[in-house]
Undergrad: 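My structure is below; once you've seen it, I'll send some questions.
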Amino acid sequence: MSDPTRFYITTAIDYPNSRPHIGTAFEKIGADVQARFQRMEGRAVHFLMGNDENTIKVSQAAARLGLEPRPYVNDMARQFQEVWKALGVSNDDFIQTSEERHHVGCRKFIQAVFDAGDIYKKGYKGRYCDGCEAFKTDKEVEEAGGRCPDHPNLTLRWVEEENYFFAQSKYAERLLAHYEANPDFIQPESRRNEIVNYVKGGLHDVSISRKGFTWGIKVPFDEEQTIYVWFDALLNYITAIGYGTDDERFAQLWPADVHVIGKDITRFHCALWPAMLMSAGVALPRRVFGHGFVYRKNEESGVLEKMSKTIGNIVEPMEIIQKFSAEAFRYYFMSQCPFGGDGEFSFERFAEVYNAAFADNLGNLYSRVLTMCAKYFEGRLEGADAIDPTAWRAGLDWPALVAELRAQVGAFQYNLALQRIWQDVLGSVNGYITSMAPFKLIKTDPDATRTVLINLAEALRVVAILIKPFLPTTAETFYRSFSYEKAWEGVCYEDTLSPARTSTLILTAELVGGKPVPLFPKIGA
RNA sequence: UGCGCCGUGGAGCAGCGGCUAGCUCGCCAGGCUCAUAACCUGGAGGUCGUAGGUUCGAUUCCUACCGGCGCAACCA
């Protein structure tokens, strides 16, 4: 049993045959918010990401560039990580499935399943598509006019070979029992129903090896075969943390608290993966969260489209980061797309959201508070510990609100949490400024004005903490603008329940001409 | 075909048995001037896809239908 204060979170590993797009990034950011939040809640988080490299497509992509697979995948891994870093993703590890630790763990695992009697050899013949890396049924081929429906430009090969199969079918009953006993295993709820029905319909055994490939992991009990994609890919979650190479570390971190994955691959994670683990006698992950997809809104027709190379509507994260900012990218997707459901993207909508929530609201609030502190009190708020700076949130049931936010963030309901922070918290602060009118009050009552500004500084501190998992950079900028005593690294949601007590609060932000430089300049005219 | 999801003011979403159906953008009218022409208040705009049913009462539960979408073993 792993330590309850630990939190192990993973994302799907990506095929490095093309660069990541905003949909891939959506998943990583969603996982990152959870990782950051769990760290704030005091857990020792281990956050894993990686690339899925043991596939024929990768060696083909490398060959097109005249490269050997190894330098190709290493370069792609570097590029992927560059993007993740630019987005502020705080993963602790990045596994490439071509790494030694993965190969060793994989071979150990497949051997364990073999020893459990769940792997057998079976002859297979059929038409094989190199694009799909899969056999096609006669029906599929017939309907597509003798070609692969997904790759009509490739010629199907007639393949007759013996492959190894995993006896997934044996585990249907146990899987159903597991879903029953662990209602939270598959999230969100709608995906759960899908999987339960699927497994109830009966499971097939799956082919887990291929003959004649050199790039990939060799089957330990038959060196002529290599392990085939899924059986290999899923194992990254355990090989990365020491399965087969570091038993002590593995025992500490496993089972994973949550696998964050796309809705298209929930089946592999909710049926095949647990069946594999049951066979090998390894504990099951606690939760699988299948997030939705991001669709691209066609700016001319208004129609939502799946992003694809053929349509040519792919948006790369770097494009948005360079044009706007990584923080805006994170905010847009986390606030506009329910993580469990689907979302949409268009540049038009992006600019709209950015201007309203970032420039006009969050950024402007920061500017007006700092400017008044500098202008009226030269950045020194004395006697800050003598008052109770909670007037700014007088209308809110604060403990209840914080409790709700914690629950929402923990449940991946990011859009709801952000909506609430903007509506209730930022709304209250702006309303407080209007009703107290410190810019008028300063003319008659400096002491009362100071109290208002101490309240506002406290409000900014609270906002900084609440947005920390979502907008780490902005949050830190907010927090470091005043001399709050507690170290930024250690702040948590609970710290918003009671005001920070500092005798003299000092404005530490850099000002230009008495004002902060706008954090988020408005987009457009 | 099977399974699943969705259909709420012009756009994007929340609400999921019961106070005058909320929020963001846009629009209109005021207020304010500390602030990134930002902020605050008020207003116009909805038979909550259609037709039945359950109920004292349904946007919220059930059934059918219409429309959109997704998954169905390897497209994040």
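Throughout, a chain's letter reflects where its sequence line sits, starting with A, and its residues are numbered from 1.
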Undergrad: With a sphere of 6.0 Å drawn around CD of A:Glu82, does it hold more than 12 non-hydrogen atoms of other residues, nucleotides or ligands?
TA: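 Enclosed: over 12 neighbouring heavy atoms sit under 6.0 Å from CD of A:Glu82.
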Undergrad: With a 4.0 Å cut-off on heavy atoms, is A:Phe26 in touch with a base, just the backbone sugar-phosphate, or nothing at all?
TA: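 If one applies the 4.0 Å heavy-atom cut-off, A:Phe26 turns out to touch nothing in the nucleic acid.
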Undergrad: Rounded to the nearest angstrom, tell me the gap between atom CZ in A:Phe165 and atom C1' in B:A73.
TA: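 Rounded to the whole Å, the gap is 13 Å.
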Undergrad: Does any N or O donor sit under 3.5 Å from an N or O acceptor when you compare the side chain of A:Asn364 with the base of B:A35?
TA: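 When only heavy-atom distances are counted, A:Asn364 does reach the base of B:A35 through a donor-acceptor pair under 3.5 Å.
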Undergrad: Show your working on salt bridge (charged side-chain N to carboxylate O under 4.0 Å, His left out) between A:Lys522 and A:Asp360 and close with a plain yes or no.
TA: CA-CA 8 Å; A:Lys522 284 193 86 155; A:Asp360 293 351; 2.9 Å; yes
Undergrad: Please classify the nucleic acid contact of A:Leu519 as base, sugar-phosphate, or nothing, using heavy-atom distances under 4.0 Å.
TA: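 It contacts base atoms.
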Undergrad: Judged by each residue's nearest nucleotide on RNA chain B, which is more toward the 5′ side, A:Gly363 or A:Asn430?
TA: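 Mapping each residue to its closest nucleotide by heavy atoms, the 5'-most match is A:Gly363.
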Undergrad: Which base, if any, makes a Watson-Crick or G-U wobble pair with B:C74, both distances under 3.5 Å?
TA: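 The base-pairing partner of B:C74, which may sit in any strand shown, does not exist here.
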Undergrad: Rounding to the closest angstrom, what is the interatomic distance between B:G9 and B:C25 at atom C1'?
TA: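 Here B:G9 and B:C25 have their C1' atoms 13 Å from each other.
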Undergrad: Atom CG of A:Asn355 and atom P of B:A35: how far apart are they, to the nearest Å?
TA: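 Rounding to the nearest Å, CG of A:Asn355 and P of B:A35 are 20 Å apart.
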Undergrad: Could you state the atom-to-atom distance from CG of A:Leu456 to C1' of B:A35 in whole Å?
TA: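 To the nearest whole Å, that distance equals 12 Å.
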Undergrad: Among the candidates B:C34, B:C25, B:C39, find the nucleotide nearest to the side-chain atoms of A:Ala356.
TA: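 Closest of the options to the side chain of A:Ala356: B:C25.
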Undergrad: With a sphere of 6.0 Å drawn around CD of A:Glu348, does it hold more than 12 non-hydrogen atoms of other residues, nucleotides or ligands?
TA: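 No, because the 6.0 Å sphere around CD of A:Glu348 holds 12 heavy atoms or fewer from other groups.
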Undergrad: C1' atom, B:A76 versus B:G57: distance in rounded Å?
TA: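 Approximately 45 Å lies between the C1' atom of B:A76 and that of B:G57.
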Undergrad: Searching all strands shown, indicate the nucleotide that pairs with B:A11 (Watson-Crick or G-U wobble; both distances under 3.5 Å).
TA: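 By the stated definition (distances under 3.5 Å), B:U24 pairs with B:A11.
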Undergrad: Quick one: which of B:C75, B:C23, B:U36 gets closest to the side chain of A:Gln419?
TA: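 Among B:C75, B:C23, B:U36, the one nearest the side chain of A:Gln419 is B:C23.
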Undergrad: Could you tell me the separation between the OH atom of A:Tyr366 and the P atom of B:U36, rounded to a whole number of Å?
TA: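 The answer, rounded to whole Å, is 13 Å.
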Undergrad: Taking the side chain as C-beta and beyond, is there a heavy-atom pair between A:Leu87 and A:Ile29 under 4.5 Å?
TA: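 The answer is yes, as the side chains (C-beta and beyond) meet within the 4.5 Å cut-off.
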Undergrad: Return the pairing partner of B:U59 with a 3.5 Å limit on both distances, Watson-Crick or G-U wobble; otherwise return none.
TA: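 No nucleotide pairs with B:U59.
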Undergrad: Would you call A:Asp32-A:Arg330 a salt bridge at under 4.0 Å N-O?
TA: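 Looking at A:Arg330 together with A:Asp32, the answer is yes, because their closest N to O distance falls below 4.0 Å.
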Undergrad: If I take atom NE2 in residue A:His269 and atom P in nucleotide B:C74, what distance separates them, rounded to the nearest angstrom?
TA: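 Rounded to the whole Å, the gap is 16 Å.
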Undergrad: What is the base-pairing partner of B:U41, counting Watson-Crick and G-U wobble geometry with both distances under 3.5 Å?
TA: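 When the pairing criteria are applied, B:A29 turns out to be the nucleotide that pairs with B:U41.
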Undergrad: So do A:Val73 and A:Asn51 actually touch side chain to side chain, heavy atoms under 4.5 Å?
TA: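 Contact flag for A:Asn51/A:Val73 side chains = no.
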Undergrad: Using whole Å, what does the distance between atom P of nucleotide B:G70 and atom CD1 of A:Ile195 come to?
TA: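 To the nearest whole Å, that distance equals 18 Å.
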Undergrad: Mind checking A:Glu348 for me? I need base, sugar-phosphate or nothing, with any heavy atom below 4.0 Å counting as a touch.
TA: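 Nothing: the residue A:Glu348, judged by heavy atoms under 4.0 Å, touches no strand.
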Undergrad: With respect to the side chain of A:Glu27, which nucleotide from B:C39, B:A76, B:C32 is positioned closest?
TA: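 The listed nucleotide nearest to A:Glu27's side chain is B:A76.
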Undergrad: Tabulate protein N/O versus nucleotide N/O from nucleotides 41-44 of chain B, keeping only pairs under 3.5 Å, one per line.
TA:
none

Undergrad: When the ring planes of A:Phe293 and A:His291 are compared, do they come out parallel, tilted or perpendicular, using 30° and 60° as the limits?
TA: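 Taking A:His291 first and then A:Phe293, their aromatic rings sit tilted (interplane angle of 30° to 60°).
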Undergrad: Check whether any side-chain heavy atom of A:Thr226 lies under 4.5 Å from a side-chain heavy atom of A:Trp215, and answer yes or no.
TA: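 A side-chain contact under 4.5 Å is absent here.
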Undergrad: C1' atom, B:A29 versus B:C66: distance in rounded Å?
TA: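 That atom pair is separated by 41 Å.
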Undergrad: Where the side chain of A:Ile265 is defined as all heavy atoms beyond and including C-beta, which of B:A76, B:C74, B:A73 is the nearest nucleotide?
TA: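 Nucleotide nearest to A:Ile265's side chain: B:A76.
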Undergrad: Please determine, for the side chain of A:Tyr228, which listed nucleotide (B:A72, B:C74, B:C40) has the closest atom?
TA: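 Nearest nucleotide to the side chain: B:C74.
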Undergrad: With P as the reference atom in both, quote the distance from B:G26 to B:C65 in angstrom, rounded to an integer.
TA: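 Here B:G26 and B:C65 have their P atoms 42 Å from each other.
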Undergrad: In the strands shown, is B:U36 matched to any nucleotide by a Watson-Crick or G-U wobble pair with both distances under 3.5 Å, and which?
TA: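 Checking every strand shown, B:U36 finds no partner, since no pair has both distances under 3.5 Å.
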Undergrad: Return yes if the base of B:A73 and the side-chain atoms of A:Tyr198 contain a donor-acceptor N/O pair under 3.5 Å, otherwise no.
TA: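 Side chain to base: pair found, below 3.5 Å.
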Undergrad: Considering only side-chain heavy atoms of A:Trp230, which listed nucleotide, B:A14, B:C34, B:C74, is closest?
TA: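 Output: B:C74.
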Undergrad: Can you tell me how far C1' of B:C34 sits from CG of A:Leu370, to the nearest Å?
TA: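 Taking atom C1' of B:C34 as the reference, CG of A:Leu370 is at 12 Å.
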Undergrad: Taking only Lys NZ, Arg NE, NH1 and NH2, and the carboxylate oxygens of Asp or Glu, determine whether A:Arg192 and A:Asp184 approach each other closer than 4.0 Å.
TA: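 Looking at A:Asp184 together with A:Arg192, the answer is no, because their closest N to O distance does not fall below 4.0 Å.
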Undergrad: Nearest to the A:Tyr15 side chain among B:A38, B:C75, B:A35, which nucleotide is it?
TA: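 Ranking B:A38, B:C75, B:A35 by closest atom to the A:Tyr15 side chain puts B:C75 first.
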Undergrad: Decide, yes or no, whether a salt bridge links A:Asp52 with A:Lys57 under the criterion of side-chain N to carboxylate O below 4.0 Å.
TA: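 A:Lys57 and A:Asp52: not salt-bridged.
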Undergrad: Please report the distance separating the C1' of B:C16 from the corresponding atom of B:A35, rounded so that it comes out in whole Å.
TA: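 Taking atom C1' in both B:C16 and B:A35, they lie 40 Å apart.
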Undergrad: Please tell me if A:Lys263 has a side-chain N or O lying less than 4.0 Å from either OP1 or OP2 of B:C71.
TA: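 Negative; the distance criterion is not met.
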Undergrad: Any ion pair linking A:Glu404 and A:Arg420 (charged N to carboxylate O, less than 4.0 Å)?
TA: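 Answer for the salt bridge query: yes.
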Undergrad: B:A37, OP1 or OP2 - any side-chain N/O from A:Lys522 closer than 4.0 Å?
TA: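 Negative; the distance criterion is not met.
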Undergrad: Tell me: NZ of A:Lys443 to P of B:U33, nearest whole Å?
TA: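 Spelled out: NZ on A:Lys443 to P on B:U33 is 6 Å.
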Undergrad: Drop me the distance from A:Asp445's CG to A:Arg450's CZ, to the nearest 0.5 angstrom.
TA: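 It is 9.5 Å, given to the nearest 0.5 Å.
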Undergrad: Which part of the nucleic acid, if any, lies within contact of A:Ser367, taking any heavy atom under 4.0 Å across all strands shown: a base, the sugar-phosphate backbone alone, or nothing?
TA: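 The answer is base, as A:Ser367 lies within the cut-off (heavy atoms under 4.0 Å) of a base atom.
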Undergrad: Compare the minimum distances between each of B:C39, B:A73, B:A35 and the side chain of A:Leu203, then state the nucleotide with the smallest one.
TA: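 The closest nucleotide is B:A73.
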Undergrad: Please list, for nucleotides 10-12 of chain B, all pairs of protein and nucleotide N/O atoms separated by less than 3.5 Å.
TA:
from, atom 1, to, atom 2, distance (Å)
B:G12, O2', A:Arg349, NE, 3.4
B:G12, O2', A:Arg349, NH2, 3.0

Undergrad: Sort out the partner of B:C69 for me: Watson-Crick or G-U wobble, both distances under 3.5 Å, none otherwise.
TA: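 Paired with B:C69, as far as the under-3.5 Å criterion goes, is B:G4.
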Undergrad: Paired with B:C48 by Watson-Crick or G-U wobble geometry, both distances under 3.5 Å: which nucleotide is it?
TA: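 Partner of B:C48: none.
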Undergrad: Taking pairing as Watson-Crick or G-U wobble with both contacts under 3.5 Å, can you name the mate of B:C16, or confirm there isn't one?
TA: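 Result: none.
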Undergrad: Taking side chain as C-beta onward, heavy atoms only, is A:Tyr228 less than 4.5 Å from A:Val206?
TA: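 No, too far: nothing below the 4.5 Å cut-off.
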Undergrad: Rounding to an integer number of angstrom, what distance separates B:U60 and B:A38 when you compare their C1' atoms?
TA: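 B:U60 and B:A38 have their C1' atoms separated by 39 Å.
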Undergrad: Should the side chain of A:His204 and the base of B:A73 be counted as holding a donor-acceptor pair, with the cut-off at 3.5 Å?
TA: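 Result: at least one qualifying N/O pair found.
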Undergrad: Can you identify which nucleotide, out of B:A35, B:C75, B:C39, has its nearest atom closest to the A:Lys375 side chain?
TA: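 Of all the options, the side chain of A:Lys375 is nearest to B:A35.
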Undergrad: Looking only at side-chain N and O atoms, does A:Lys440 come under 4.0 Å of OP1 or OP2 in B:C32?
TA: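 No, no such contact exists.
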Undergrad: Would you indicate whether the side-chain heavy atoms of A:Trp422 and A:Ile467 approach each other to under 4.5 Å?
TA: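 Result yes, sub-4.5 Å side-chain heavy-atom pair found.
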Undergrad: Reckon A:Val294 touches a base, only the sugar-phosphate, or nothing at all at heavy-atom distances under 4.0 Å?
TA: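 Base contact.
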Undergrad: In whole Å, measure the gap between the C1' atoms of B:G30 and B:C69 for me.
TA: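 My reading of the C1' atoms in B:G30 and B:C69 gives 44 Å.
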Undergrad: Consider the side chain of A:Ala359, meaning its heavy atoms from C-beta on, and name the nucleotide among B:U33, B:U36, B:C40 that approaches it most closely.
TA: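 The closest nucleotide is B:U36.
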